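Written below as structure tokens is the structure these notes are about.
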Amino acid sequence: MNAPASCPAWSIGELLQWTTDFFSRHGVEEPRLSAELLLGHVLDCSRLALYTRFERIPSPRQVAAFRELVQRRKERVPVAYLIGKAWFFSLELDVSPAVLIPRPETETLVEQAIRLVRNTTGWEAPEILDLGTGSGCIAIALAKNLPGARIVAVDISSSALDIARKNAQMLGVRDRVRWLEGDLCEPVQSLSPPVRFHLIVSNPPYIPADQVDALMPEVSRHEPRLALEAGPDGLAFYRRIATSAPGLLRPAGALLVETAFDQAVAVEAILLAAGHYDSSRIIRDDAGRERCVLVRLAAC
Ligand code: GLN
């Protein structure tokens, strides 16, 4: 990337145009959006504000910092990791390469969980468990939208939990989420006194091991493999959750999991085969794709 460095007098508008073309030439998706987010980050202003300052000339130091980010974006580092931020359910979250970048698809699970809690009599102060919390996006979005809820969130990665805790602190829900380090249900099973949940949610890893490398480079090279890979068929975590969740649920408790668009039927079968659940439902996202499976225990 020679042009912006050798032309330090480029305006914001010119930098955006040059970078958009550069990204397009290198096959970077959403080239204009990437350019705007990176330049906004360096100049510490919103994307909209870039357009009100189109003629302004950033300082040589700002251009150098931008240039560095553009280079890394060309190497397919996700924008979210470069700017350290992602947006989920109208919340701004910190992210780092220690956590999966929250996906818009996961908002379907959050919407469904909120609807279920609000529509269930007796769930005014629900205990909710989030398995594999990563950035904490699900746990925090639920805490923000369900003021009576108390949430336990688990992750096997201590560096992911550091990010999640920081997000909860920034978003003012620190007191309502308890963070536990460990493997799926294990740290919850050993809680004393025991906690039993009205609702367990999870967006577990669900990519078949041999397909991770075929994903777009942003994902395969930069997102944590731990958060993606799930055994030979991508269903390993659902099998474990199917058998371990019922012991942690209250009567009439619910388990809600996200799946890939083509896994919901298989996941529903796995959950029902565990033999504990009374009813099940597949939930579609706004685009009409199957996205979550909800199962419930009998009332008693
Ligand atoms: N629960 C987090 C999310 O939905 C992390 C999921 C994961 O790491 N598989 O983004």
Side-chain angles (χ1 to χ4, degrees), residues 78-81 84-114 128-145 149 151-168 171 173 177-185 187-188 197 199-209 211-212 215 218-231 233-241 245 255-261 263-264 267 283 285 291-294:
V79 173
Y81 291 154
K85 280 192 193 57
W87 288 267
F88 179 78
F89 220 76
S90 306
L91 302 170
E92 186 180 299
L93 298 164
D94 273 13
V95 293
S96 82
V99 300
L100 193 81
I101 299 164
R103 304 291 203 269
E105 296 92 287
T106 304
E107 297 186 343
T108 300
L109 179 146
V110 172
E111 275 162 16
Q112 191 62 38
I114 292 170
I128 301 175
L129 173 62
D130 175 22
L131 296 171
T133 196
S135 63
C137 60
I138 297 173
I140 293 169
L142 293 178
K144 291 288 288 180
N145 288 278
I151 297 168
V152 174
V154 178
D155 206 281
I156 199 163
S157 155
S158 62
S159 34
L161 285 176
D162 287 343
I163 300 275
R165 267 192 214 97
K166 192 166 162 217
N167 282 325
L171 291 163
V173 294
V177 189
R178 189 165 163 193
W179 308 98
L180 300 180
E181 185 178 334
D183 193 7
L184 285 185
C185 291
V188 190
F197 298 90
L199 172 63
I200 299 179
V201 292
S202 184
N203 174 25
Y206 53 64
I207 313 289
Q211 287 177 24
V212 175
L215 298 172
E218 278 82 351
V219 182
S220 61
R221 287 197 228 138
H222 298 287
E223 294 204 85
R225 214 158 245 269
L226 206 59
L228 298 168
E229 194 178 302
D233 62 359
L235 303 173
F237 287 90
Y238 301 109
R239 293 194 183 90
R240 292 182 56 201
I241 293 172
L255 168 64
L256 176 64
V257 293
E258 177 173 325
T259 69
F261 73 93
Q263 289 174 329
V267 170
I283 291 137
D285 62 21
R291 185 46 71 186
C292 298
V293 180
L294 172 69

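Ligands are counted one by one from 1 in listed order, and the atoms in each one are counted from 1 as well. Keep in mind it's a predicted model, so treat the numbers as computed, not measured. When a residue number appears, it is its place in the shown sequence, counting from 1.
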Table of N or O contacts for ligand 1, cutoff 3.5 Å:
{"from": "ligand 1", "atom 1": "1 (N)", "to": "G132", "atom 2": "O", "distance (Å)": "2.9"}
{"from": "ligand 1", "atom 1": "1 (N)", "to": "T133", "atom 2": "O", "distance (Å)": "3.4"}
{"from": "ligand 1", "atom 1": "4 (O)", "to": "N203", "atom 2": "ND2", "distance (Å)": "2.8"}
{"from": "ligand 1", "atom 1": "9 (N)", "to": "N203", "atom 2": "O", "distance (Å)": "3.0"}
{"from": "ligand 1", "atom 1": "9 (N)", "to": "A227", "atom 2": "O", "distance (Å)": "3.0"}

*Which atom of A153 lies closest to which atom of L161, heavy atoms considered*: O-CD2, 4.5 Å
*asked:* Closer than 3.5 angstrom, by distance alone: can the side chain of D155 be matched with the main-chain N or O of T133 as a donor-acceptor pair?
replied: yes
*E258 pairs by side chain to side chain contact (heavy atoms under 4.5 Å, CB included) with which of V201, V293, N203, V267?*
N203
_Within 6.0 angstrom of L226 CG, more than 12 heavy atoms from elsewhere_ = no
*Of all residues at least two apart in sequence or in a different chain, which pass the side chain to side chain donor-acceptor pair (under 3.5 Å) check with E218?*
R73, R76
_Looking only at the side chains, is there a donor atom on one of S159 and D162 sitting less than 3.5 Å from an acceptor on the other?_
no
